Protein chains: 4
Amino acid sequence: MTPRTEEQFEEIREEKKALIKNVALELFASDGYYDSSISKISKRAGISKGLMYNYFTSKEELIKEIIFDGMDEFVKVFDPNKDGVLTDEEFIYFIEESVRILKSNIKYWRLYFSIIFQPTVMKLVEDKSLEMMTPFYKILLDFFQRKGSKTPGIDARLFTSMMDGVSLNYVVDPENFPIEEIKQNIINMYK
Amino acid sequence: MTPRTEEQFEEIREEKKALIKNVALELFASDGYYDSSISKISKRAGISKGLMYNYFTSKEELIKEIIFDGMDEFVKVFDPNKDGVLTDEEFIYFIEESVRILKSNIKYWRLYFSIIFQPTVMKLVEDKSLEMMTPFYKILLDFFQRKGSKTPGIDARLFTSMMDGVSLNYVVDPENFPIEEIKQNIINMYK
Amino acid sequence: MTPRTEEQFEEIREEKKALIKNVALELFASDGYYDSSISKISKRAGISKGLMYNYFTSKEELIKEIIFDGMDEFVKVFDPNKDGVLTDEEFIYFIEESVRILKSNIKYWRLYFSIIFQPTVMKLVEDKSLEMMTPFYKILLDFFQRKGSKTPGIDARLFTSMMDGVSLNYVVDPENFPIEEIKQNIINMYK
Amino acid sequence: MTPRTEEQFEEIREEKKALIKNVALELFASDGYYDSSISKISKRAGISKGLMYNYFTSKEELIKEIIFDGMDEFVKVFDPNKDGVLTDEEFIYFIEESVRILKSNIKYWRLYFSIIFQPTVMKLVEDKSLEMMTPFYKILLDFFQRKGSKTPGIDARLFTSMMDGVSLNYVVDPENFPIEEIKQNIINMYK
DNA sequence: AATGAATGAGCCTTCATTCAT
DNA sequence: CATGAATGAAGGCTCATTCAT
């Protein structure tokens, strides 16, 4: 009979938002953004369509939050900004971590790759995406420079492209892609 | 006023289809599949909406044909099935040709990557995609085997992944990606 | 901590209702009935959406009460039922009072005019509106009769129409409408 | 079997647009803008909801066109811009014409009044409304000036207000409002 | 008395597809 | 072969109202 406290409301909100985002990520990743209607998502989440808009102002906002959450997670678990310098060991760690992160949230990265090529959706997140990726790239550049590369920019882009390609192939078919062996190969390549 | 022969009709028909496919590819690549309506495409192609259905039974059919055309082109211009064996020179040729093909039809490959992650669309073409790619993969496998690799499967997948990653990064931003230098680096890598 | 008496509760309740009605009037008048959601109104009033329904059983009920309040106010501050007869001085007073009332609650009259043409809303209040206006009309009729008019009904309707028109133009643009001068003109007209 | 000619299409379009506008005017006038859904209108017009958007890009566009049509009609049938000067006879004609126009399209004027107080809707047409009304007002001003009025601006505003009030009362209840007698009274008033 | 999460009906709009001509 | 009017299902979204707490 006593009304809910503010904390209770907050808790409900957080839980429900998380639920919706999980369901939506699942659906976006498996069916794509356009084939995952708000109706489908809400049904899967066991809530009414209308309630979706209590938590997200729009479908765009929903995917944006999902993508941003993933980016934040990425930056958080894998913050390279210790001193801004990569030692050889750290470079290996970099590769290992990348694969670990990839494996820990396959669906997210599937979704991430899927939107890179959907101009309408990509526009929503490209600013933040760039902002997130730039520091990584800088450190890589610096790494190849110190390793004595004459074309560190090229080397860095080739390396990141390779990582992209590996990631892409992995998330498309995680069951059959030999991610661990590939990782070892890459590490050996740069030793 | 001699009546046109059946071949002439067929030719006209094919030309019109080609025109439509070009326009559609352009739009699909720049706006995405879902944001490119039949209405928009037909207007750009200078024909009526109804006529579209005279040439393609559905929007799915349209994108399917576009993708298939691209695959056929790929197989045609770059047929590795001479003897099914890659020499070292041929492997380099393989890389060079891949890049050339990529550069020759950036929009197509953009579209191709975009649908890989759109399950609904990908389902339409995945059979043919697999069928097209398998022979390439087999030859690569053989190549790494003959080169004395202990893990030719891994090597082959890493190589194709790298090519994928490079391609992906190139088509996303062709202006700024140093495709030629990257290509040289890859060639050196496998020498 | 003596428990509040029932009257005190009632008083608090009425104050809250008045607050809500003020906020709602403001919003209805500025944005229109349909563009003023219960959500907006309650937020502006500083209470929860749910509580609104403790005071008003529906949105319709809310506007109804607002309109009725205005009518009651009108009848109260400007009760012509002294003896049911208008002298010449009283007729002038009638005009003066009309303008004064108009000026004292522009927003209300704006709202009032706005609903006259919204059948769905008007239906809610038309009975009371008629009931309120009839006595005024009767007295006016009587006034023109005593002034020797051969068509007192016509005269009365023309007069009220004119007052309506003036009111309408005033509330639409109070800043620029020369209400005082117009009032003087009308008074002179009937002298 | 032969396709329709361009003229035939044009004819269909014009007829259907007119049909929709008629139905919509009817409904807007009787139920108000917000209570007349596209769904209702299309049903009443005997067409599918989707087709509405073949003819009008939005509901706003629909009401805008209806209102603009009415304004154009008004300006057309009653163009005061002969020499920009009103003689006494012309002033009477002005009044007569106003009433005639009012009577000839009651629903339209009902709608017109209804939107004046719906800010959201009014915004759509206020520019054109102003543009349409200004010349009339100027001529009136000039008329009262030439009649020797010391306050032509006031006189003009009072006159137009009166006409507004009369119009308003008439369109609200055309059956019972004695429009013809009122008109005679107004004419006598300014003689 | 008070909260805001939750519902569900309905709104405007889009679009692949069909069809009469 | 060619047109574009017409359909209908579905989509994103809003909002008055209810309800558990």
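Residue numbers start from 1 in every chain, and the chains themselves are labelled A, B, ... in the order their sequence lines are given, proteins ahead of strands. Since the model is a prediction, treat every value here as computed from it, not as a measurement.
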How many whole angstroms separate atom [atom1] of [X] from atom [atom2] of [N]?
| X | N | atom1 | atom2 | answer |
| --- | --- | --- | --- | --- |
| D/F56 | E/dT14 | CZ | P | 15 Å |
| D/I47 | E/dT18 | CD1 | P | 21 Å |
| D/L62 | E/dT13 | CG | P | 10 Å |
| A/D31 | F/dG11 | CG | P | 12 Å |
| C/L19 | E/dA2 | CG | P | 12 Å |
| D/Y34 | F/dC15 | OH | C1' | 14 Å |
| A/I41 | F/dG12 | CD1 | C1' | 11 Å |

>> Please convert DNA chain E into dot-bracket. A pair counts if it is Watson-Crick or G-U wobble with both distances under 3.5 Å; crossing pairs go in [ ] and bases paired with another strand get |.
In response: .||||||||||||||||||||

> Which listed nucleotide (F/dG8, E/dT7, E/dC12) is nearest to the side chain of D/K49?
Replying inline: E/dC12

> Of all the nucleotides listed (F/dT21, F/dA5, E/dT3), which has the minimum atom distance to the side chain of A/Q8?
Replying inline: F/dT21

> NA contact type, D/T5, heavy-atom cut-off 4.0 Å: base, sugar-phosphate, or nothing?
Replying inline: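 Touches nothing.
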
> When all nucleic acid strands are considered with a 4.0 Å heavy-atom cut-off, which category describes A/I12: base, sugar-phosphate, or nothing?
Replying inline: sugar-phosphate

> With sequence neighbours excluded, what pairs up with A/S42 under the side-chain hydrogen bond (donor to acceptor under 3.5 Å, both in side chains) test?
Replying inline: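 Per chain and number, A/S42 pairs via side-chain hydrogen bond (donor to acceptor under 3.5 Å, both in side chains) with no residue.
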
> Is the NZ or CZ atom of D/K128 positioned over D/F68's six-membered ring, under 6.0 angstrom from the centre and within 45° of the axis?
Replying inline: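 Judged by the rule (NZ or CZ under 6.0 Å from the ring centre, within 45° of its axis), D/K128 counts as positioned above D/F68.
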
>> A cation-pi test, strictly: NZ or CZ of D/K59 under 6.0 Å from the centre of the six-membered ring of D/Y33 and no more than 45 degrees from its axis. Yes or no?
In response: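 Judged by the rule (NZ or CZ under 6.0 Å from the ring centre, within 45° of its axis), D/K59 counts as positioned above D/Y33.
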
> Of C/T57 and B/G46, whose nearest nucleotide on DNA chain F comes first from the 5' end?
Replying inline: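 Between the two, 5'-proximity favours B/G46.
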
> Should A/R4 be listed as having a side-chain N or O under 4.0 Å from OP1 or OP2 of E/dA2?
Replying inline: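 Negative; the distance criterion is not met.
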
> Judged by modelled atom types alone, do A/Y34 and B/D35 share a side-chain donor-acceptor pair under 3.5 Å?
Replying inline: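 Their side chains do contain a donor-acceptor pair, which is all the 3.5 Å distance test asks for.
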
>> Pick the closest DNA chain E nucleotide for D/F9 and for B/I38 by heavy atoms, then say which residue is nearer the 5' end.
In response: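 Its nearest nucleotide being more 5', the pick is B/I38.
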
> Which sits closer to the 5' end of DNA chain E, C/L51 or D/S39, going by the nucleotide each is nearest to?
Replying inline: C/L51

> Where is the tightest heavy-atom contact between B/K21 and B/I66, given as atom of each residue plus distance?
Replying inline: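 So the minimum-distance heavy-atom pair works out to O-CD1, 3.7 Å.
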
